[in-house]
Each structure stands twice: as structure tokens, then as C-alpha cells.
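A short worksheet on the structure shown next.
By convention in this document, chain letters (A, B, ...) are assigned in the order of the sequence lines, proteins followed by strands, and residues within each chain are numbered from 1. These numbers were taken from a predicted model, which means no experiment stands behind them.
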Amino acid sequence: MHGRPRKTAKAEDLVASAAKAEKLRQLQSQLLRNHNDRIYNKEALEICSKLLEVNPEVYTAWNYRKLAVQSNLESCGDHEVVQSIVNQELKIAEIALRRNPKCYGAWQHRKWILNLGSDKADFDQEFRLLDQLLKADSRNFHGWNHRRFVVALKNVKEEEELNFTTEKINTNFSNYSAWHNRSVILSHLMKQNAPGFDPREKVLTEELEFIHQALFTDPDDQSGWFYHLWLLDQIIARDSPFLISSWPAHGTELILSSNTSVKDFQHFESTEYAQDIRALPIVLYFNQAVKGVNSTTVTVESIFTENVDLIWKPLSASNSVEAHCWVTYLNISERDCNSLEPYSIKVSFGNTQGLVSSDGCPLSYACQCEFSLKISPHSPGSCSKESNVNMVHWDNENFSRSEFLQIRPFLMSYQRQKIIANSELLISEWCSETLSREIMLFRKLISEINCKIAKLTLGRLLIARNFILSRGIQLTKNRTHFEETLQLYDDLIRLDPSHIGYYKDQRSLVLMDQVTSDEESLRKHCWLPKELSLTSAGQSVCLRLNKLSLTRIGFVERLLWVNVLDLSHNELQSVEGLEAMQLLSHLNLSHNKLSSMTALEPLRPMISLQALDISYNEIGAHSIDTKRYQCASSPLSHPAGTCGDVQGFEDFDPEEVKLYWDAILIFKHLHLTQLDVVGNPILNEPFSSLMIRLVPSLQWLDGRPAQQS
Amino acid sequence: MAEATAGEHPVIDPSSFDLVVSGTGLVESLVAAAASASGKSVLHLDSNPYYGVHYSSLSPQSLSSFLQQNAPAAADDDDGPRQPAPKSSVGVAVDLQPRRLYSHVEIAGEVPEPSRGFLLDLSGPRVLYCADPMVDVMLRSGASHHIEFKSVDGSMIYWDGKLQMVPDSREAIFKDKSLSLTEKTQMTRFLKLVREHITSEGGEGEEASKISGPYLEMPFVKFLEKQRLPPKIKLIVLYAIAMADYDQDNPESCNKLMDTKEGLESLSLYSSSIGRFPNAVGALIYPIYGQGELPQAFCRLAAVKGALYVLRMPASSLLFDKEDKAYKGVRLATGQDINCHRILMDSSSVVPPPFPSPDPLESTIEASHASKVARLVCITRSSLHPQLSNILIILPPRSLFPAQETSIRALQLGSGLAVCPPDFFVVYCSTKCDDAIRGKEHLLAAMNALFELPGGKNEQDEHSGDLYINENTSKSKPVLLWSASYVQELTEGCSLSSSPMPDGNLDYGSLLKSTEKLFHSLYPQEEFFTASRPSEEEGDGITEG
């Protein structure tokens, strides 16, 4: 079963196996002849039984038996004969399983016959057999599968099956199957609020107590940790989705202007990509992926939306119908631009049905966001398309730090949202207490023993607790232990290099959480651009998250207000998440590890993006985007190919399409004025010329004026 | 096999043997079986009408009378003038003096009926580890065909006035409810360390995981402290797994400290015992029908190989051959003289040293620290554990009273082992001691702690009542119905023609070692049970527990 060394065959064994093969061949050919001639009499079945006794892996023989049973049942209706057929078949399957307890064909046959003669089968015998089998090998998953099947067929109480898993775990707790079955049964019982399994907090606390015994007895045994992970997931289970962030935030006042000066700290600058119509994005960010966001589930009340059906778009890299983040664009027409009165805009949802989580849970509460929009008169000509834009430099000397920098207003967009949310949604005290208790326990375990999986679990617990607490009102209080979590992942990277990618991703998320967790830490990364080109465009603050060894991006919901973002000198392989940052106009991704154009997919919906720096990456170095395939459901279902973009290709030379289709798909939607690609293998003369044609608004390419041909 | 009745005085024919063994105790039976297996002609005598001598399992009545017989009588006529021995054809006849092994015999209570249903061990408590060398000898010799075992369900340790299960395996640690989570981690980490050491010693594991020499020489208790084990785990490892006899924290008993090598060997034996036989639940097994089955199994083996058995036949004197300067014969109680090349007498009689040579074996047999072992046999009507009936109980030093110097071991057996009628339990206790009175004090304290003494004789005991920790049913202590307590001498070593007496240990390990040495000194050329049977037959005779 497990851990048995293979013995080399001796000479006499070889002779025996040759004789066995000869016998097998004979039986097999006889069986095939019978099968072909549809002979289902007793002698023919006997041959089949003999064959299966020697080799239970002959699928044809099992199939033949099924046909024989069917034919024999049809020809006779006698109760006793039926009974004897069922018994006979169960016997054959049993013999085969005694020979090889993991024989798929035999298990399948047994299931089939039980289904067929469920009123005839002796279930006690079935359970006795299963007990024997699981005693011989308590980890035989076929046995567990069959047990679940029989239990369903016989309608055994789930409580009894739960006790069975307890019994098996008590004999040997290193048993993935038993823990798994336990989780399946428990989730069902808790969902039904079965007597004794309600409230779920009580059940989960008891289960934690139980699994701790296994984890602390042998921390190196992995099966228990899987169950613990499942429990952890149950504890922080989020049934109903809710809004965690939006842009504009509730209660903010926006001043819309294309002028250079910053009128108010609560501001928004619309820039020249739109001439007579400005599109004001409204971004809703939920705690989990939701679907059904549309004009019937979300009402937007304002004078701009009268008689307009707003279209909500999911912002997600996989382009599905579900997303954490949804956006709509409010068209602000020229005629509105001259009023000095602020317009009120009210976004409300949750009153009607339809907006649900991916597993169908409705919103936990109705929500309303209200903000005002003031449109300041703009100087004529300032938003003409022809105006020249200065080149943006990302060098350090172009930024200065300011102690007095006011970033509070930006943060408020995030914090205020919290406060509204919290008034309705109290974080479960049990949940945070449970997590704290777990954290203390595993800290102790790590102090006793050097165990990778314990460290990983502690890291996950710390992250989970931060996640839970960040729902609450205390944004900064209790949200510490970042250093501890980072240290844990640093240790893991050192201890377990084979999973370095995962650890680095997790570490990046923790770091992002830390950086964005409060005003003070965020301020350290906020810089003032000296460069006129940035300030003139109204961008007052640049968020610089460079040189942090980030491999991925997270907590974007706290950064929806950011216009200028510097992510250079990291280890980014993917920029998933950035798509939510609808206000982003300047983005620096240079000196990262982006390996293909498809990695830039999240940038496609970023309609405000003007300056993009992807220099010094690895784009073009790999023929296949291997990183992407890890996340996508199937390597064949490339999301870009599925959304009707394919027509766009006819303007291009087929050779160009073949080489640069991914670049075309991404860049033709962007209204860039500046692009830096230098330092990527993909860069060459044809590529540059393609870019210039593809992005008509482009004025600077790799530091040189882009010359439109 | 031939059995003689006392009255008939049969003449044994032939009158010459390679080996004459007197007493059918375990050691003698092993030697007899091994000798017959090597083709020697053997005459095996016993003065009693049953097998086993000090290793026998007897009815309560027989146990009492055996103890009293073997206790020094008030008016022992030792000093009476000896009859000059009649001249023998072989040599000088030297009279055998009886050795009184037992003292301070106290029998209390009434034996419940049916009293014939009890089979009480004389040298209890004693069990076998599944990986015991004794088990190997039984498998190798074929004695396992004559005997069946059942497993001991578990061990308990007495601490803080409570009995709690000993977490001795990964599963037991998992299920244990008295250890804290951290203690569980520490315990398994330690067991893992030991296991790695054992495999590396066996040449399989990595050399790095081997515990090195300087560590092996330090006291085991110091080693455990170095492993940062908390006091409770230390206690469990020392007394309930490594079976240390003396208080290891007491500097006065420093000559009785277990060293790390010894400790690790015990742990190794324990851990390799767990899971050796699929039907055994723990590390320990016990023979059905009692300990007395063991010597009998070897006697049967010897008889099968041609040894002649005569019960109720005492040897009265040994015949000394002046030329060979050795004992060359035995004079039976019937007066018949038997010639032989080798003689082995059990420890019931004192064999006068064959003058003039000093005994060459005396120094080679390991010296036991204590001179005595105090034993107690009890009969109760209820179990010490609400669910289990066959359990080993350890009462470690200082657990009963501050001055308790030795560990007391108790073994409770139920009717499943056929040693008592249904619904009764037999409990054996023992502790080593230098002073009989101290030893009996220890046993009395254990009795007080475990049982309800009849007539409310219990000493003031704050913990009386609920004895179990974390067990569902809390019932009162079992009531003691009958008990026999006695103190047994431990003679130091044995001589060439005299076998050692039962030791104060829980297992047969050191007895077997002495027996092997004894056999090799009797027959230096012969092998002690040739390995005729392959190890495939392991598990024979271990019945479902």
C-alpha cells in the first residue's frame, strides 16, 4: 500500500508469470469471442469471472459483465434470480477488490450493480467490507469514495459518518481522506443548521480544538494542515459581498477642470483625451467578485444620467462577468460645463435584487454614495488635442519629498468608505478573537519547532486578521505585525526555495498592505513632482512604490485616487489589479520582470493613461507568456481573443499581426502621449513604427519625439 | 512427558543424562529446552506438582501456601544435626539447603468465589514488549506455538492524585487530553529524535541524527533536560516508557541513575514494540492464562525434543566428583542417584559452592542494585479504568508521598486473559527495595491510592474519590477484596549450577540475558536456540486484543 519496496523477480517467478500470461491470453480470447457473439450464459460468465480473478484490470470484461447482467435481467423477472445475479456480481467485484483494492473497474462495477439493485443489496455487508478495506488501508480514497456513495444510497445520517471520520482520525490522524470527508460533511451540516451544528461558531471552535491536537502532535504531517486551512477559510467566510471602496468616495467634492492649477484639495482633473465630452469614471470596489452590476441594480441619480442607461463594465484581467471592481463612465457634456453650481451625484444599490456574489449571495446591506461635482470654467483651447505635451522624466531628481504634503484628502476617499460600511457591518468579534487565539498558538509552535507549514499558516493567519480588521472602523489600530509577517515570508523564501514564487507574491501583498495601511506609511511613498509637465497636467502627487521587490500588486482599492504611479525597479511579472485604477495617467513599470505584452492586459481599460514606461523588462524574450497560463483557466482561452477585437487587425500587415498581435490588442485602445519600451527584446525598428501608427496620440517614444509618418 | 506421582517413587530409567535440571522456572525451562534442542539428553525435575516454581501462576490458595512454604518458618530446624550423607558410587553427596525466598508474607481478605477461576502470578507484574528478545526466542524456538498472547490495552501514570493515560505513541499523544499543545509538540519531537537516533544506529539513517558518545554517558535525566522537556514529559519518559526504578532526580541515588544509553535502549525497545504485531494495540503483551504459561511452553518444547519430565520429585543432594572437582550427579528424594555431566538447580535451594574453586560466573552476572523486591497481588471487582481492563500503571517516585524513592509498577488484568472469572480483576504491584519494611510501605501507599480498602481503612487521602483525569465516567475506586503481599529476595547473580531468581523488572530482558550466559557457560559450543524458523512466522499466537 504505502512505502513498500519493490522486489526484483526471481527466475522461478518469471516462469510462473509466463504461465499466468498464457492462461490470461486464453481466457481473454474466449471472453472476446463470447463478447462478440453476445453469449451471456453461465459458462461464458464463468470464463469472465476467472479472467477478472486473475486480472481485475480488464475493462472489456467488466463491460461484458454489465451487458450480460442487463440481458439476463431483461429475460427474467423472477425475484430470486435477480437477487442471485446481484449477489453474484457483488461477489465478483469483491474478489477483484481483495486482489487489488484500487481497481477502478471493480469499484465502478460494484457501484453500478448497487445502483441497479439497491433494493436487493445487503448494505450491512457493504459497510462491513468497507470497514475491512479501510482498516487495511485507511487512506484508500476509492474506499472513501465508495463509502460516500453507499451512504448516499442508504441515506445514512451524516452525523454517523462524521463519527466514522473521528474514529479513523483517532487511529491515525495522517489521513487526507478522513479529514476531507469531515470537511465535506461538516460544511453540509452547518449549511443546513442541523441540530448540534448550530451555531457554526461553536462547531468551528470545536473543530479547531480537534485539529490542534494533530498539528501540535506532529507538525510535519501535512494532512492536518489542509483541514486547518479549510477551517480558516470557514472562519473568515464572507457570505455576502459588500462595498469596500469607491471612487469618488462618499461625501467628496470634485472640481472638474482642465486648468493647470489645483483648485481644491478634493479634485479631479479631466484631461485632453476627451474634447467635448468628458467621461467621469465611477468605480465601485467590492470585497469579493460580484456579478449583476448594471443600470437596474445600481442607480445613479444626477442630471447627467437623465434618460441615459449607464453601462457598467467589470474590471478584471480575466474579463469574466464577475469582478471585484466595476466601472461606469458618466458623460459630462459641454452644456453642463458652465454652471458654477455643484451637481449632486448619488449612487445607490442593494435595494434591488440581482447584484450578487459569485455563489449567489446578495449584498449584505444597501449602500449609498453621494458626492458633488463642480465644473470650473476652463480656458479655451487648453484641451485641444494638438497641444504639445512635455516629456515626463521619472528620475529621482524630478521628485521631492514634502513633509507638509497633504495627502489626507486622497486617503479619505478610502477611509470614508470604511466608516459607512462599518456602520452597517460589524466585524464578528468571534472571528477576530479566534484568529488572535490561533496566532498566539502558532507563534508558540514556531518557537518550539522549525516548521515551514506552521510559518506559512501563521503568515496566513496574520494576513487574515488584518483582512478582517480592515473591514472595521479601526483602520490603523491593531493592524500591526506587518514586520512579523514579512519576516515569516522571508524565512520561507530561504527555507523552501521550490515555492519561492508563491512566497514572494504573498510577501508583496503584505508589503502593499503595509504601505497603504495608513496615512503615515503612505506618506513616505508620496512625492511631489518637480517637473512642470506633471504639475501642469494637474498631477500633484506621485505614489512611488519602486524598489520594493514587489512581484504582484494588491490593495488597489485603497489607491483608486492615484494619478501618477511609479512601480519601477520591482520584480513584477504581472500587473493584475491595476485595471481598477481608472484615474491613472502616468505609470512607470520600468525595470521589472514583465515577460510579454499579454502581461500588460490589465492596462487595456485604463482610458486615462497617458504616459507609460515599460522599459527594461523582458518583453519579447519569451515566445510564450508562461506566467499567464498559470492563472488563466485554460491556455487556449485567451481573453483578448474573445471580445470582438479581432476585426481591428485588418489595418495591419499580416506579418505585423503575426508578430505583434498582442501589442496591437493592448495599445490600440490606449491614448498614450508617451511610451518607453527601450531595454526590451521586442524593440526594433518595425515595432517602433507600428507603435507610432497604432497610437496616434503618441508624442514621445523612448525619449524621442514620435514622428507620425 | 512422564509425570510421576509422589507415592509411586518410580525408578528413573536411564539413570544417566547429559543435563539434570531441577525446578521448572523460566530460566531452567529455557535452558532445558535449549539443551534438548541441541541434542542433549535432559532430565527435568520439579518438587512441585505444577510447572513454573517462582514463575508459576497459581490459584489464590496455592499461592498462599507456596509463599508460606518458602518463607522462613519460625522454628526452622536448620541448626539440627545433619545426617551424614551415604556414600555414593559417583562421589561425595552434598546436601541441598532450601532457600527461603519470601518474607513478610501477609494475606488479607477473602478469596471471592469461584476461587479456582483465579490464576495468580508469583512474580508479577511482568509483561513482554512486542519487540522483546524473549518474543524472538519464542518465535525462533517454536515455543510460540504453545502459548497465546493478548495486548495490554494501555499504560497509565499516577500523578497529582490522578491516573492518566501515558501518551506513548503518536496516536496516543494526539488523543491525550491532559497534555498541553506545546507538551504534545515537545513529546513527539523527542520521540522523533530518539527514532532517528535508533535508525542511524541501525546504520540506515543519517549519521548526523545519531546522538553522540558524550551524551550517551550522561544521566538520562540530564539528557532529557537538555532536550528542554518539561517536568511532566520527563516523568512520563523516565518512569512510564524507560521504566526507571529509582528517583532520577534524587542525587543520593546517583549510583542508580539510568544513563542515556540505557534510557535510549529502553525507548528503542518500547517504540519498536508499537505496531510490531497488527493485533497488538500498544507496546506490551501478556500471555493468556498467566505468566506460568511461559515456562510451560518451553518445557513442552523440551519434552518434544526428548527431555524427560518428573514432577513432585525433589533432589535432596548433589553428588560431587572429587576427580573432576565438579557436581556430576543428583540424589533424588527417592534415593535414586542420577549421573550427569551438567547440573542446574533453581533458586529454591542453596547450592554449596564446589570447593575449592571460586565461582567463575559470579562476576559476569549483572549486579542488581536492590536486594529485594516487594510484591503485591490484589483481587478487585472493578477496573481502575472505566473502559480498559488490561492496563499497566506507573506510580513514579514521589507521586504517593515525598519520601517515595522507587517507582511502583502495577498491572491490572481482566477476565479476557483468563486469569480471573468474569467481572473480576487481578492487580499486581511491585517495587524494588533494600529494606523490606520500606518496600511494604511503598506498596501500602500504592494500595491506598488505587483502591478502596475494605472497612474504610484508607488513610486520610485528599484525593480519594475521583481517580481519573478527563475521563467521562467518574466512579469511585475499586474495592480491594483480597490481597497478598510479600517481599522477595534478589540473590545476586547465579553460579554455574544455580539459576537466577525472578528479578524486579517489568520484562524478561535481563532474565533472558542471564539465561543465555548460563547456557553458554554450560555448553560453550552450542547455540542458544538455532534460528531454524524464518521470521515470517512473526505474529503467531498473538490473538486479537
Side-chain angles (χ1 to χ4, degrees), chain A residues 1-3 5 7 131-132 134-139 165-175 178-179 182 205-225 227-228 437-451 453-455 457-458, chain B residues 151 153-154 164-196 199 204-205 208-209 224 226-230 232-233 236-237 271 274-275 277-282 387-388 470-472 534 536 539 544-545:
Chain A
M1 280 154 265
H2 298 281
K7 279 185 210 152
D131 281 345
Q132 274 179 23
L134 290 179
K135 196 172 178 193
D137 180 4
S138 62
R139 303 193 285 190
T165 64
T166 315
E167 203 181 291
K168 282 285 152 201
I169 288 164
N170 274 336
T171 8
N172 180 5
F173 60 83
S174 173
N175 189 329
W179 290 116
R182 197 175 178 82
T205 308
E206 283 168 7
E207 287 305 297
L208 275 177
E209 181 61 32
F210 188 45
I211 191 67
H212 287 155
Q213 310 306 317
L215 298 184
F216 279 76
T217 301
D218 190 358
D220 292 329
D221 183 78
Q222 291 205 358
S223 61
W225 291 103
Y227 189 67
H228 186 263
R437 231 180 6 249
E438 291 290 288
I439 287 168
M440 271 176 26
L441 271 177
F442 288 114
R443 277 193 189 134
K444 218 165 164 196
L445 179 61
I446 286 171
S447 72
E448 279 299 325
I449 203 160
N450 188 17
C451 170
I453 198 150
K455 287 191 173 184
T457 302
L458 180 58
Chain B
S151 69
D153 303 319
Q164 35 195 291
M165 292 306 291
V166 172
D168 51 3
S169 67
R170 195 163 159 273
E171 271 56 50
I173 295 168
F174 170 67
K175 278 187 276 189
D176 189 274
K177 291 191 172 87
S178 62
L179 291 176
S180 77
L181 289 175
T182 311
E183 284 170 332
K184 289 189 172 191
T185 313
Q186 289 163 333
M187 182 97 190
T188 26
R189 190 190 51 201
F190 175 71
L191 292 182
K192 218 175 248 184
L193 178 96
V194 172
R195 204 161 45 239
E196 275 162 14
T199 43
E204 286 171 38
S209 43
L224 297 181
K226 265 212 152 60
Q227 298 302 320
R228 294 185 294 123
L229 292 183
K232 189 169 166 190
I233 308 262
I236 291 171
V237 171
S271 73
I274 291 175
F277 301 117
N279 288 332
V281 288
Q387 280 101 38
L388 306 177
N470 287 320
E471 298 293 346
N472 294 334
E536 279 164 33
E544 187 93 21

Next on the checklist: Below 4.5 Å, heavy-atom pairs only: which of Ile449(A), Thr171(A), Leu215(A), Asp218(A) has the largest tally toward chain B?
Outcome noted: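 When all of Ile449(A), Thr171(A), Leu215(A), Asp218(A) are compared, Asp218(A) has the most.
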
Next on the checklist: Distance check, rounded to the nearest 0.5 Å: Leu181(B) atom CG versus Glu448(A) atom CD?
Outcome noted: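 The distance works out to 11.0 Å.
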
Next on the checklist: To the closest 0.5 Å, what do you measure between CD1 (Ile173(B)) and CZ (Phe216(A))?
Outcome noted: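 Answer for the CD1-CZ pair, Ile173(B) versus Phe216(A), is 14.0 Å.
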
Checklist entry - In terms of ring plane angle, is the pair Phe210(A) and Phe174(B) parallel, tilted or perpendicular, where the classes change at 30° and 60°? => result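 Phe210(A) vs Phe174(B) ring planes: tilted.
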
Checklist entry - Around Lys232(B), counting heavy atoms of other residues, nucleotides and ligands shown, do more than 12 lie under 6.0 Å from its NZ? => result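 Counting neighbours around NZ of Lys232(B), more than 12 heavy atoms of other residues, nucleotides or ligands fall under 6.0 Å, so yes.
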
Checklist entry - Between Leu441(A) and chain B, which part of the residue has a heavy atom less than 4.5 Å away: side chain, backbone, both or neither? => result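 Contact with chain B is through the side chain of Leu441(A) alone.
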
Checklist entry - With a 4.5 angstrom heavy-atom cut-off, which part of Arg170(B) approaches chain A: side chain, backbone, both or neither? => result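 Both parts, backbone and side chain.
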
